[in-house]
Visitor: 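Below is one structure. I have some questions about it.
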Amino acid sequence: MENLFKEFKPGTAAEWKAQLLKDLKGESPDQLTWENENGISIAPYYTSEDLQHTYEPAFTHADWQITGKAENTDATVVSQRLLRQLNQGATSVEVNYTGENYTTALKDISLPHINAVFFVARGKVTQLLDFLDKSYGLSNLNCSFFATDIQSENDGHDWLEKTSVLKSFTNLRAQSFNVLPFHNHGCVAQYEIALALSGLAAFLSRDAGSMHPSAFTVKLGVNSDYFVQIAKLRALRRLWEVFKKELKLTNDLYVIAETSITNKSLGDSHNNLLRTTVEAMAAVLGGCNELVVNEFDVLFPGSSSLAERMAINQQLILKEESYFDKMADVACGSYFVESLTDALATQ
């Protein structure tokens with residue numbers, strides 16, 4: 001294996017340019033440079049000379065949680081859907097329940113035995129936390145909590161007050177910001193990163209020393225712009241390390257990704273399987289901790305059982321057949337992806 005590439009001479013940037021000039025019959029290779037929707041110039045080739053420094057991995061975990069999702073006002077429907085997805089192979093669940101009957105919504109679901117859970121609290125977080133503590137014991141859970149009604153810095157402070165009971169638990173994350181709605185309204189990558197960091201900074205506007213020791217959680221969308229989406233998640237993690245250093249924090253960043261709905265088709269819904277697979281791959285290679293794959297018929301009223309099952313199976317295939325869970329940050333050192341990561345972080 002040591003001599004595998006011995007016969008291949010490493011090419012310099014000058015040699016690549018000379019070859020391009022030859023292939024283009026004297027025309028400038030600059031005509032092949034184009035600008036993507038993020039305002040980043042994409043060159044026709046990248047070499048080690050494009051790297052700004054020696055890169056360390058942006059994250060060190062390889063595995064991720066396969067997340068089932070239930071969003072409904074009917075507690076029974078929520079319970080049935082979550083149980084079905086867990087039985088099909090989900091290792092994590094998203095509970096977006098708008099009612100108050102958590103006993104029914106979480107019936108027969110053993111939360112302490114689920115690797116990760118996140119709740120959309122919708123202002124009822126105190127009631128939810130009381131229920132979880134009495135039913136399972138907060139120390140036995142691994143959860144993220146999102147609020148949907150934070151409109152100002154004061155709302156953020158109020159949320160932290162309501163969730164202050166979690167301060168002694170490193171396994172419970174309430175310092176969270178959801179960028180997915182912006183993504184699904186067409187937000188470009190660098191603005192998603194900026195929004196995520198500014199949302200987390202709102203929590204840090206209070207005394208950083210009083211922050212919960214748990215990780216900060218961000219939920220992001222991923223679309224089919226494969227390399228940009230990988231770079232987006234990696235840039236966010238690298239910028240979070242800057243936050244940690246400047247503010248002397250020990251909190252890590254916990255990233256939940258969900259496939260986009262902006263590029264899904266009604267006319268060829270099964271082609272959406274290809275789109276969500278590309279998006280799932282980008283999310284995993286970018287270092288997400290949890291991943292929600294939307295059903296291929298997500299735009300249709302009422303998802304089919306096939307689509308629901310396929311959304312879980314896509315991730316199972318990435319793990320069990322493609323081994324995406326065996327190595328962390330495989331894009332580290334890639335000339336192109338590292339250049340994209342640097343460009344997004346700089347913007």
Visitor: Taking atom types as modelled and ignoring hydrogens, do the side chains of D297 and S304 form a donor-acceptor contact shorter than 3.5 angstrom?
Guide: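 S304 and D297 do have a side-chain donor-acceptor pair below 3.5 Å.
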Visitor: In sequence, state the C-alpha distance, the side-chain angles, and the governing distance for F145 and F118, and then conclude on ring-ring contact (aromatic ring centres under 6.0 Å, His included).
Guide: CA-CA 6 Å; F145 300 90; F118 71 92; over 10 Å; no
Visitor: With distance as the sole criterion, is a donor-acceptor pair present between the side chains of D268 and S265 under 3.5 Å?
Guide: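 Yes, S265 and D268 have a side-chain donor paired with an acceptor closer than 3.5 Å.
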Visitor: Tell me yes or no: between the side chains of Q315 and W64, is some donor less than 3.5 Å from an acceptor?
Guide: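 A pair is found: one side chain offers a donor N or O, the other an acceptor, under 3.5 Å apart.
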Visitor: Centroid-to-centroid, F182 to Y191, below 6.0 Å?
Guide: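 F182 vs Y191: aromatic centres not under 6.0 Å.
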Visitor: Is there a donor in the side chain of N294 and an acceptor in the side chain of E258, or the other way round, less than 3.5 Å apart?
Guide: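 Short answer, yes.
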Visitor: Do N87 and R84 get their side chains close enough for a donor-acceptor pair, meaning under 3.5 Å?
Guide: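 No, R84 and N87 have no side-chain donor paired with an acceptor closer than 3.5 Å.
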Visitor: Are E27 and K22 within salt-bridge range, i.e. N to O under 4.0 Å?
Guide: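 Looking at K22 together with E27, the answer is no, because their closest N to O distance does not fall below 4.0 Å.
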Visitor: Quick check on salt bridge (charged side-chain N to carboxylate O under 4.0 Å, His left out): which of E290, E192, E94 does K219 satisfy it with?
Guide: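 Testing each of E290, E192, E94 against K219, the sole residue satisfying salt bridge (charged side-chain N to carboxylate O under 4.0 Å, His left out) is E94.
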Visitor: Side chains of R309 and N313: is there a donor and an acceptor less than 3.5 Å apart?
Guide: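 Yes.
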Visitor: Check for me whether K245 meets the cation-pi criterion with W240, that is, NZ or CZ under 6.0 Å from the six-membered ring centre and within 45 degrees of the ring axis.
Guide: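 The answer is no, since K245 fails at least one limit relative to W240.
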Visitor: Regarding D30 and T33, is there a side-chain donor-to-acceptor distance under 3.5 Å anywhere?
Guide: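 Result is no, nothing qualifies.
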Visitor: Apply the test side-chain hydrogen bond (donor to acceptor under 3.5 Å, both in side chains) to residues R275 and N223: give CA-CA distance (whole Å), side-chain angles for both, the deciding distance (0.1 Å), then the verdict.
Guide: CA-CA 8 Å; R275 299 181 178 102; N223 60 33; over 6 Å; no
Visitor: Could you tell me whether E71 and R81 make a salt bridge, using a distance below 4.0 angstrom between a side-chain N and a carboxylate O?
Guide: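 So E71 does not pair with R81 through a salt bridge.
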Visitor: Just do the side chain to side chain contact (heavy atoms under 4.5 Å, CB included) check on L166 and T163 with the steps written out, would you?
Guide: CA-CA 6 Å; L166 306 179; T163 58; 4.0 Å; yes
Visitor: Got a donor-acceptor contact below 3.5 angstrom from the Y136 side chain to the D133 backbone?
Guide: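 No; judged by distance alone, with no hydrogens or angles, the pair does not exist.
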Visitor: Of the options V78, N72, D74, which is the one that meets T76 in a side chain to side chain contact (heavy atoms under 4.5 Å, CB included)?
Guide: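 So, applying the side chain to side chain contact (heavy atoms under 4.5 Å, CB included) to T76 and each of V78, N72, D74, only D74 qualifies.
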Visitor: When you measure from the side chain of S322 to the backbone of K319, do you find a donor-acceptor pair of N or O atoms at a distance under 3.5 Å?
Guide: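 Pair absent, no side-chain N/O of S322 close to backbone of K319.
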Visitor: Step by step, would you call N184 with T262 a side-chain hydrogen bond (donor to acceptor under 3.5 Å, both in side chains)?
Guide: CA-CA 6 Å; N184 283 331; T262 59; 5.0 Å; no
Visitor: Is there a side-chain hydrogen bond (donor to acceptor under 3.5 Å, both in side chains) between Q314 and T276? Walk through the geometry before answering.
Guide: CA-CA 9 Å; Q314 286 171 274; T276 52; 2.9 Å; yes
Visitor: Compute the centroid of each ring, for F216 and then for Y254, and state whether the two points are separated by less than 6.0 Å.
Guide: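 Ring-ring flag for F216/Y254: false, centres at least 6.0 Å apart.
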Visitor: Under a 3.5 Å distance rule, please check whether H61 uses its side chain to pair with a backbone N or O of C288 as donor and acceptor.
Guide: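 Checking the backbone N and O of C288 against the side chain of H61, a donor-acceptor pair under 3.5 Å is found.
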Visitor: Between T341 and R234, does the side-chain hydrogen bond (donor to acceptor under 3.5 Å, both in side chains) criterion hold? Intermediate values first, please.
Guide: CA-CA 6 Å; T341 302; R234 298 178 79 251; 2.9 Å; yes
